[in-house]
Amino acid sequence: MNEILHLLSREVQAELRQKHVLWGLLLYTLSTIFVCYLSFEVIEDQAVWNGLLWIIILFASFNAIGRSFDRERTGYNLYLYTLANPKSVILSKIIFNALVLMFLSGLALLLYLLFLGTAAIADARMMQFVGGLLLGSIGLSSALTMISGIAAKSGNNMGMMALLGFPIIIPTMLILMSYTANALAGKPIDENAQNLVLMFVIDGAVISLSYILFPYLWRD
Amino acid sequence: MAKNWWKILGIGLLIYASSFTFLAPLDPGILGVENGQVEPGNAEVLVIGYNTHFDTESASMQTFMQSGDVRICGMIAEIVSPTRVKIAFDIPQNLPLSLADVYVNNDHDGTVYLPNALSISNLDKNAPIPSNCNITVNTNSFEGFGFPFLPTIFETIRNLIFHVPMWFTMFFIMIVSFSQSIVYLSKGKIINDIRAEQAVQVGLVFCVLGLVTGSIWARFTWGAWWLNDPQLNGAMATFLIYAAYMILRKSIPEENKRGRIAAVYNIFAFVMLVVLLMILPKFTESLHPGKGGTPAFSSYDLDSSLRAVFYPAVIGWIIVGYWMYKIRLRYVQLLRKVDYDE
C-alpha cells in the first residue's frame, strides 16, 4: 500500500515536471470540442449529445493513457522495476490514469456545455451524470492501462494502442453510455442499478486481471 | 483407424445432422388468415395453412377461435385445397378481448393455430359474454419428424443447425486457446504459444462463419443484414478483439517476447469474450431468443426431434473444429522443423 502511494506520488511529480504533456491533452480536448461546435453549433438531441461527449472522452483517454508507459522509456524503467513490485506499478498507474481522466472528463464536460449548449441536460440528474463520468474514468483507465502496457511492449505504440484498445473498450462504453443516457433522461438511480453492477463487475475483472498479468508483461 | 475414431464420429454426426437439416419437412402450421377483420354476426375467413392436409383429413377436422378464455366453434364452409380452408364463425355480440386466436385440428396435422388471427370490431361491451361451445377439443400435436413451425422464422429454422453450433465451436476453441496461454505464462514452453495462436486462427474462422450465417438468418427473419442488437455487437467486438490479437502477434518479431505479450492479451481477450457474448446480452434487450425478455429457445422450439439433431450437430462441429486446429498445429510444427532444422 505504501509502495503504491509512493509510486503514485512519483507519477504525479513526473507529470508536473512535464507540464507540457498535460497542457497538450487539454488543448487536444479543447480543439476537439471546438471542432464539434463548428460542425453542430448546438446539440439538442440527448442521444447525440451523450454519444459525442463519450467519443470525445474516449479519444482523449486514448491519448492520455497511450503514453503512460512511454514517458519512462529510458533506463529509468529498469531501475524502477528492480526496486518496485510490478503489481504496485500497475495499480499505481491505473489509479493515476483514473485521476487524470476524471480531471479531463470534468473539464471536457464544462467546455462541452459551454460550446454546445445546455439544451440536452434540461431534465438531467446532474449528480448521477457526473457520477457516471467519474465511474467512466475508472472504467476506461482500468481497461486501457493494461492495453497501453501491451502496446508499448509491441513497439508500435499509438497504432497498436488503438487497434487493441477499441474492441476491448466496447463493453465498458456500452454500459457507460446507457448509464449516462438514463441520467440525462432524468430517470431515478434505481433504473441504473444494473448498469452500476455490470460496471463494477467488469472493472473488478479487468483490474484483477491486470494485477495478475502485469508481472508477466513486465519481465523482459 | 482406432486412433482416429473421433474424426469419423464427427463427420458421421455432421452427415446425420445436415441430412436432417435438408430433408426433414417443416411441421404443419397456419401462415395467415384472410378477412381477419370481423364484426359480430356471421363471418367467413380463409385460413392459409403450411404443409397441412385439410383436404384428405376433412372428416376429422375441427376448428374454433379463442378470445381470452372463451372458445367459439367454427364451421368448415369450404375446403379449397390442402392448405386453404374457409371457416364460418358466428361471432357473438361480446367477447373478453377484441383479438382471437384461430385453431384448426385434424388427425394428421395435429393442432395448428395462429395467435391474434382475428380482430373483432364493434363489440357491445354490455352484452353477456357467451360460454364455451361444447365440443370435445382434440389437442393432439403433429407426430411426424420435422422442424417446429414458428411464426416469422418458418423454413429458416434449419439455419439453427448451422448458426448456433458455430458459436459453440468458437467458444470451445477459444477455451483451448485461453488455457494454452495460461500454461505458456506459467511454463514458458513455445509449443503452448503456438497452440494458442493456431486455436485463435481456427476460432476466428468459426466466428466469421457464425457472423455470416447469422447475418443471412437476420435478413430473412428480421429484415436486415445487420441490426443494433447486443448479441450481434458483442459478436462483432469479439471478432475485432481476436483479429487484433493476430495483428499484435505479427508486429513482434522476437519469439519469446511475442509469446508472452500475446498470451497476456489473449487472457484479457477471453474474459472480454465472456463479458460480451454471455453477460451483457443477458441484461439488455435482444432479438435473440433467451435474452432480455425474449423467451429462451429451449422453451418453445427445441422439441425432442430437434434436440436429436441439434446436439449431434454441436458435437460434430466441435470435433471438426478441433480437427482443423490439430491440422493447423501439425502444419506449423512441420514448418518450424524445416525452418530451424530442429
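Heavy atoms only: backbone and side chains are in, while hydrogens, waters and symmetry mates are out. Each chain gets a letter, A, B and so on, in the order the sequences are listed, and its residues count up from 1.
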* Structure fact -> Checking Val205(B), Ile318(B), Leu273(B) against Met170(B) for side-chain contact (heavy atoms from CB on, under 4.5 Å), the one that qualifies is Leu273(B)

* Are more than 12 heavy atoms from other residues, nucleotides or ligands located less than 6.0 Å from atom OH of Tyr322(B)? -> no

* To do: Answer yes or no: does atom NZ of Lys187(B) have more than 12 heavy-atom neighbours from other residues, nucleotides or ligands under 6.0 Å?
  => no

* **Contacting moiety of Val275(B), where chain A heavy atoms sit under 4.5 Å** => side chain

* **Segment of Val206(A) engaging chain B (4.5 angstrom heavy-atom cut-off)** => both

* Is Glu197(B) salt-bridged to Lys250(B), going by a charged N under 4.0 Å from an acidic O? -> yes

* Between Ser210(A) and chain B, which part of the residue has a heavy atom less than 4.5 Å away: side chain, backbone, both or neither? -> both

* Structure fact -> Bottom line for Leu248(B): the part with an atom under 4.5 Å from chain A's heavy atoms is both

* Could you label the plane-to-plane angle of the Trp225(B) and Phe220(B) rings as parallel, tilted or perpendicular, counting under 30° as parallel and over 60° as perpendicular? => perpendicular

* Structure fact -> Honestly, the part of Ile150(A) sitting under 4.5 Å from a heavy atom of chain B is both

* Asked: By a 4.5 Å heavy-atom criterion (distance strictly below it), what part of Ile252(B) contacts chain A: side chain, backbone, both, or neither?
  -> side chain

* Under 4.5 Å from a heavy atom of chain B, the part of Ile212(A) involved -> neither

* Verify the neighbour count for atom CG of Asp123(A): are there more than 12 heavy atoms of other residues, nucleotides or ligands below 6.0 Å? => yes

* So which of Leu240(B), Asn233(B), Thr238(B), Asn256(B) has the biggest tally of heavy-atom pairs under 4.5 Å with chain A? -> Leu240(B)

* **chain A contact via Leu280(B) - side chain, backbone, both or neither, heavy atoms under 4.5 Å** => side chain

* **Other residues, nucleotides, ligands: >12 heavy atoms within 6.0 Å of Phe239(B) CZ** => no

* **Contact class of Ile202(A) relative to chain B, heavy atoms under 4.5 angstrom** => side chain

* Asked: In Å, rounded to the nearest 0.5 Å, how long is the span from SG of Cys207(B) to CG of Leu211(B)?
  -> 5.0 Å

* Asked: With a 4.5 angstrom heavy-atom cut-off, which part of Ile170(A) approaches chain B: side chain, backbone, both or neither?
  -> side chain

